[in-house]
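So the structure is just underneath, and the comments pick up after that.
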Amino acid sequence: MSQHREPSHLRPTVPERPSLDGLEDKWDRAWSEQGTYTFELGRPRDQVFSIDTPPPTVSGSLHVGHVFSYTHTDIVARFQRMLGKDVFYPMGWDDNGLPTERRVQNYYGVRCEPSLPYDPDFQPPQEGGEGKSAKAAHQVPVSRRNFVELCERLSTEDEKQFEALWRHLGLSIDWTQTYQTIDQHSRATSQLAFLRNLARGEAYQQLAPTLWDVTFRTAVAQAELVDRDQPGAYHRIGFERAATVDAPTDDAVGSPHADTAGQRVHIETTRPELLPACVALVAHPDDERYQDLFGSHVIVPLFGTEVPVVAHRLAAPDKGSGIAMVCTFGDLTDVVWWREMHLPTRAILGWDGRILPEPPMGLDSPEGQANYKQLAGLTIFSARQRVVELLRAAGDLEGEPQPITHPVKFFEKGERPLEIIPTRQWYLTNGGTDEELRAQLLARGDELTWFPDFMRVRYQNWVEGLNSDWLISRQRFFGVPFPIWYPVDQFGHPVYDRPIVPPEDRLPVDPASDTPAGYKPEQRGKPGGFIGDPDVMDTWATSSLTPQIATHWRDDQSLYESTFPMDLRPQAQDIIRTWLFATVVRADLEQHSLPFYNAAISGFILDPDRKKMSKSKGNVVTPMGLLVEHGSDAVRYWAASARLGTDAAFEPGQMKVGRRLAIKLLNASRFALSFLAEDGDAPAASPAAALGLDPELVTEPLDRSMLAALREVVEVATEALAAYDHTRALEATETFFWTFCDDYIELVKARAHGAGGPQGARSAQTALGLALSALLRLFAPFQPFATEEVWSWWHQDGDSIHRQPWPVPAELGAADRTDPAVLAVAGGVLGALRKAKSEAKVSMRTEIIAATVAVPPDLTAAAVAAKADIMAAGRAAELTLAASDTDTIELVTAELA
RNA sequence: GGGCCCAUAGCUCAGCUGGUUAGAGCACCACGUUUACACCGUGGGGGUCGGGAGUUCAAGUCUCUCUGGGCCCACCA
């Protein structure tokens with residue numbers, strides 16, 4: 001070792017054995033200290049590239065899918081920065097909402113009880129609980145303020161871990177630009193946008209049937225629904241016709257002619273417990289079986305209510321018996337029937353999903369009330385069993401229930417089926433009830449550039465299918481409160497249609513503790529006083545404003561003007577209908593523009609069974625473990641190998657390839673730099689070494705050909721990255737790089753050492769330097785750590801590679817000075833010589849006494865141009881280039897030493 | 001019921017507007033201690049491009065159809 005080149009002959013900082021270990025921490029620290037990714041502000045809008053980073057839900061854990069998609073965005077950010085843009089790349093934390101509440105409940109073993117007073121000395125009973133859903137009975141009740149404090153405390157801890165992961169991954173985020181969706185600024189922005197919506201009539205309050213989750217005891221929005229197949233059963237129930245026609249003397253039950261005789265009509269239902277909520281029967285207007293029933297009344301079994309039989313086109317003759325009972329409310333179709341036919345309301349379900357204690361209006365008969373008493377307070381499940389028992393006893397249940405499996409609507413985060421309960425809620429217009437707005441929002445979808453383009457269709461489908469406005473109020477605790485109070489009238493009732501709003505400069509407000517202007521705190525809840533709106537906004541109602549929050553629409557005009565509308569919204573495909581659409585709605589209403597120009601949609605990560613990776617499958621690998629095991633550049637390489645919009649397999653093999661590439665970058669660079677350093681007046685010694693190399697010094701055809709090929713790579717990679725096609729850019733760069741290592745470096749090794757004289761050496765050294773410089777910058781967005789490490793060996797001025805200019809073809813010399821085929825042909829001939837040695841099972845070092853290689857005639861000149869380099873690399877004393885009669889390069893003879 | 005995406009080597013994927021003999025990496029086999037790299041290098045084997053039909057001088061690529069996956073929306077008596 002010591003008889004060879006001393007380390008001091010290399011650039012002083014080039015390590016003897018380069019390694020990837022520790023690069024993440026080393027460079028994260030350096031970038032942080034140097035402010036490498038700091039947004040500068042002050043440049044015109046067209047020199048800024050702004051990114052609407054998705055704020056991850058901090059209450060959930062990050063998984064490989066996050067690492068995957070955030071890497072895609074970081075590649076864009078780094079590319080744009082090297083193109084010379086001032087990149088605005090903030091990070092938000094979505095800590096607002098139900099997931100945080102649920103996590104806090106489990107972690108600290110508490111639950112929110114708004115009626116309790118605040119306890120400033122409260123200590124949670126536990127820390128670090130991760131139980132799936134601890135029983136509510138074991139959770140300590142705490143005040144709303146205590147609960148919110150715990151939410152904030154845990155979120156802050158979670159956010160630190162998230163930041164550590166993102167830094168380790170090498171995301172080039174400006175860590176001075178962060179926000180939380182629950183912080184003061186986000187609250188104020190969210191409240192301000194809401195007040196503007198309210199002032200323009202886009203936000204409104206309505207008492208209406210609402211999709212309701214009985215576990216979380218809150219309303220949910222259309223966008224949060226999912227269908228799940230559930231077991232159920234059809235119950236065939238007989239309704240007696242009301243006594244407006246001749247009453248038959250014989251008992252109709254069991255009679256084969258019961259239906260046709262008009263005495264009894266049978267419906268089939270999966271929700272027998274809703275019988276007391278029945279307000280009508282409905283059949284299709286053209287259904288011949290029920291023509292004589294329309295307009296008449298029937299009696300609800302057990303409960304004695306008299307309800308009309310009505311006709312409506314939505315009734316399906318082929319479902320069940322073709323006639324259905326309308327309840328308030330069993331499903332969304334019930335709501336339509338109820339609304340369109342002005343049926344009465346007989347709600348029987350409370351917020352907790354239990355049967356209300358008092359029977360609804362119209363349930364007047366003594367037997368009906370007695371039966372109802374048996375249901376009061378029961379859960380839906382128990383009530384159903386009870387009703388079936390009662391029906392059976394009364395002889396109103398025909399046959400046995402027929403088990404079926406059917407889709408039932410759930411809140412996507414919920415565990416029990418949704419119910420529909422009439423409640424007062426806030427809505428925001430979103431085109432669901434307004435054709436003009438809908439058309440306008442569809443036009444916004446067309447205006448937006450989608451990567452890949454077919455994702456546009458998902459937006460269109462969603463907007464076209466909307467059937468209601470956006471329900472934004474939630475009966476929860478940890479969220480942005482509605483900035484609204486109501487006057488309380490002399491009878492103690494809130495006057496909902498005269499909301500009191502705060503001035504914009506007072507935001508954010510908490511109406512639960514703040515007092516509106518003109519009132520005193522002690523007037524809260526008193527007749528003649530005021531009361532705060534108790535609800536919080538849906539988390540999407542705030543995260544739909546991430547562009548406005550991040551760019552400080554509310555309070556920093558110069559930042560806002562230089563970053564909004566943003567350039568890029570990266571996000572996952574499954575939240576196009578929620579986050580993306582909602583963001584478009586808010587910007588359309590407030591700014592009359594798109595919130596961002598481009599949307600880049602990442603795919604999912606699939607496990608080896610081709611299923612979407614999820615926690616429940618037990619196959620989730622922790623992202624930090626992955627980064628530590630393979631190295632961040634390696635994991636990034638795997639992510640970068642997958643196109644936008646395409647689901648990708650979780651493939652450690654691909655990470656190994658990425659790691660190999662990173663190591664190769666270190667080693668090949670070390671080698672190439674050793675030539676630059678050896679030269680007496682090494683160009684590498686100059687601070688601007690990379691760009692100071694003069695392509696005019698590259699005189700050898702092989703060297704020129706290599707640079708010509710690299711020029712093309714630069715063109716392809718630049719074009720691909722500009723079109724968000726990072727895989728294409730990476731592939732082109734990588735393919736070239738391996739040829740560069742395997743063939744070019746081998747071919748010029750001897751010449752670069754001086755074997756061909758000073759001019760040939762200079763040509764090779766310069767070409768190596770030029771190529772290495774361009775290659776490192778081409779790889780920098782993909783492998784930020786390895787490339788930065790190499791750059792630091794070379795450039796001692798401390799400038800990060802990540803702020804260098806993106807390579808351009810011109811820096812590699814003129815395009816038309818040489819035969820571009822020389823490198824490929826020389827590689828082919830060298831390959832033929834290697835094959836001879838491989839087939840002879842001898843070392844590559846073995847001397848070739850004489851060899852003949854056949855080369856297609858049109859490539860002979862190119863081969864001749866590199867003949868000396870080929871002979872040196874192949875250790876051939878004599879090489880004959882014969883004319884091939886095929887168009888491939890073939891070994892003809894080889895005499896080995 | 002409507003819509004979108006996908007199907008190419010054992011595996012993961014390229015293959016752009018149709019144009020020689022369909023590519024890469026991993027895995028596999030053989031060889032090689034070559035001072036850039038054993039977290040390596042060199043060479044090699046391996047595919048009738050899911051099935052069928054059509055358009056064309058020419059189809060992995062375009063059209064239709066079938067099959068099999070994945071996803072979204074609608075329906076929910």
Side-chain angles (χ1 to χ4, degrees), chain A residues 1 3-5 14 16-20 227 229-230 232 234-235 267-271 274 281-283 314-316 319-327 330-334 337 404 406-409 452 454-458 460-462 464-465 467 573-574 576-577 603-604 606 608 610-612 630-631 634 638 641-643 645-654 656-657 659-675 720 725 727-728 731 734-735 738 741-742 745-746 749 830-831 833-846 875 886-888:
Chain A
M1 199 62 120
Q3 72 213 44
H4 300 302
R5 212 177 295 119
V14 178
E16 192 64 11
R17 292 192 71 80
S19 163
L20 296 176
D227 284 352
D229 278 332
Q230 293 290 303
Y234 279 131
H235 300 75
I267 60 106
E268 290 188 11
T269 180
T270 56
R271 303 287 310 265
L274 292 180
L281 297 191
V282 61
L314 282 183
K319 273 193 184 143
S321 55
I323 187 161
M325 72 170 178
V326 182
C327 302
D331 61 39
L332 290 173
T333 318
D334 280 346
W337 285 325
I404 54 157
H406 62 151
V408 176
K409 286 200 188 309
F454 66 76
M455 290 293 177
R456 181 192 305 279
V457 180
R458 301 197 179 188
Q460 286 166 350
N461 287 347
W462 176 252
E464 283 162 2
N467 54 34
Q573 54 183 319
D574 55 336
I576 290 174
R577 67 174 180 168
F604 291 130
L606 307 175
R610 307 299 303 173
K611 293 274 160 51
K612 185 180 167 184
H630 298 278
W638 159 72
S641 306
R643 290 176 298 175
T646 304
D647 294 347
F650 174 73
E651 218 201 349
Q654 197 68 355
K656 294 200 170 77
V657 174
R659 183 174 179 85
R660 177 175 310 181
L661 174 63
I663 292 169
K664 194 80 174 178
L665 268 170
L666 297 182
N667 285 317
S669 300
R670 179 178 122 84
F671 186 59
L673 289 174
S674 71
F675 293 111
D725 190 355
T727 56
R728 196 166 137 85
E731 194 192 9
E734 189 191 7
T735 302
W738 285 103
C741 291
D742 296 346
I745 289 184
E746 292 300 325
K749 213 180 244 186
L830 179 59
L833 299 181
R834 285 166 171 166
K835 186 172 179 177
K837 296 178 190 180
S838 187
E839 283 174 352
K841 299 185 189 278
V842 297
S843 157
M844 286 298 134
R845 230 174 150 178
T846 308
R875 292 171 179 260
T886 70
D887 46 8
T888 58

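Just so we're on the same page: letters track the sequence lines, and every chain starts at 1.
Side-chain nitrogen and oxygen atoms of A:Ser674 include none within less than 4.0 Å of the OP1 or OP2 phosphate oxygen of B:rA36. A sub-4.0 Å separation between OP1 or OP2 of B:rA14 and a side-chain N or O of A:Arg643 is present. Listed pair A:His406 / B:rA77 meets the phosphate criterion, a side-chain N or O lying under 4.0 Å from OP1 or OP2. At the phosphate of B:rC31, neither OP1 nor OP2 sits under 4.0 Å from any side-chain N or O atom of A:Lys837. Between A:Arg660 and B:rC26 there is a side-chain polar atom (N or O) within less than 4.0 angstrom of OP1 or OP2. Between A:Arg670 and B:rU35, a side-chain N or O to OP1/OP2 separation shorter than 4.0 Å is absent.
The residue A:Asp742 sits close only to the backbone: its heavy atoms come under 4.0 Å of sugar-phosphate atoms, none of a base. Nucleic acid contact for A:Glu746: base, since at least one base atom lies under 4.0 Å from a heavy atom of the residue. Using a 4.0 Å heavy-atom cutoff across all strands shown, A:Ile663 reaches at least one base atom of the nucleic acid. At the heavy-atom level, A:Ala662 lies nowhere under 4.0 Å from the strands shown. Residue-level contact check: A:Arg728 touches the bases, meaning some heavy atom is under 4.0 Å from a base atom. As judged by a 4.0 angstrom heavy-atom cut-off over every strand, A:Ser19 is placed among residues making no nucleic acid contact. Within 4.0 Å (heavy atoms only), A:Cys741 reaches at least one base atom of the nucleic acid.
Pairing of B:rA30, defined by two Watson-Crick or G-U wobble distances under 3.5 Å, is identified with B:rU42. Across all strands shown, nothing is found opposite B:rC37 as a Watson-Crick or G-U wobble partner with both distances under 3.5 Å. Under the Watson-Crick or G-U wobble criterion, with both distances below 3.5 Å, B:rA53 is paired with B:rU63. Figure legend. B:rC4 is base-paired to B:rG70; pairs are counted as Watson-Crick or G-U wobble with both atom distances under 3.5 Å.
No salt bridge links A:Glu731 with A:Arg728; every basic N to acidic carboxylate O contact stays at or beyond 4.0 Å.
You won't find any donor-acceptor pair under 3.5 Å spanning the side chain of A:Asp574 and the base of B:rC72, going by distance alone. In this model, a side-chain donor or acceptor of A:Arg659 finds a partner on the base of B:rC39 within 3.5 Å.
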**Q.** Residues A:Thr270, A:His235; criterion side-chain contact (heavy atoms from CB on, under 4.5 Å); working and verdict
**A.** CA-CA 6 Å; A:Thr270 56; A:His235 300 75; 5.6 Å; no
**Q.** Audit row: A:Val657, A:Glu734, side-chain contact (heavy atoms from CB on, under 4.5 Å) steps and yes/no
**A.** CA-CA 11 Å; A:Val657 174; A:Glu734 189 191 7; 4.3 Å; yes
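The side chain of A:Trp738 approaches B:rG41 more closely than any other nucleotide in the set B:rG70, B:rG41, B:rG44. Among B:rG25, B:rA77, B:rA36, the nucleotide with an atom closest to any side-chain atom of A:Tyr234 is B:rA77. Checked against B:rA30, B:rA14, B:rC40, the side chain of A:Lys841 finds its nearest nucleotide in B:rA30. Minimum atom distance to the side chain of A:Lys749 is reached by B:rA36, of the listed B:rC75, B:rC5, B:rA36. When distances are taken from the side chain of A:Thr269 to each of B:rU12, B:rA77, B:rC73, the shortest belongs to B:rA77. Among the nucleotides B:rG41, B:rU21, B:rU12, the one closest to any side-chain atom of A:Glu651 is B:rU12. When distances run from any side-chain atom of A:Ala316 to the nucleotides B:rC4, B:rA77, B:rC75, the shortest one goes to B:rA77. Nearest nucleotide to the A:Glu731 side chain, out of B:rA14, B:rG3, B:rC5: B:rA14. Considering only the side chain of A:Ser838, B:rG43 comes nearest among B:rA36, B:rG43, B:rC73. Taking only side-chain atoms of A:Lys409, from C-beta outward, the nucleotide of B:rU42, B:rG41, B:rC76 with the closest atom is B:rC76.
Both A:Asn667 and A:Lys835 sit near RNA chain B, but only A:Asn667 has its closest nucleotide nearer the 5' end.
B:rC72 atom P lies 7 Å from atom CZ of A:Phe604, rounded to whole Å.
For the residue pair A:Asn667 and A:Ser669, no side-chain donor N or O sits within less than 3.5 Å of a side-chain acceptor on the partner.
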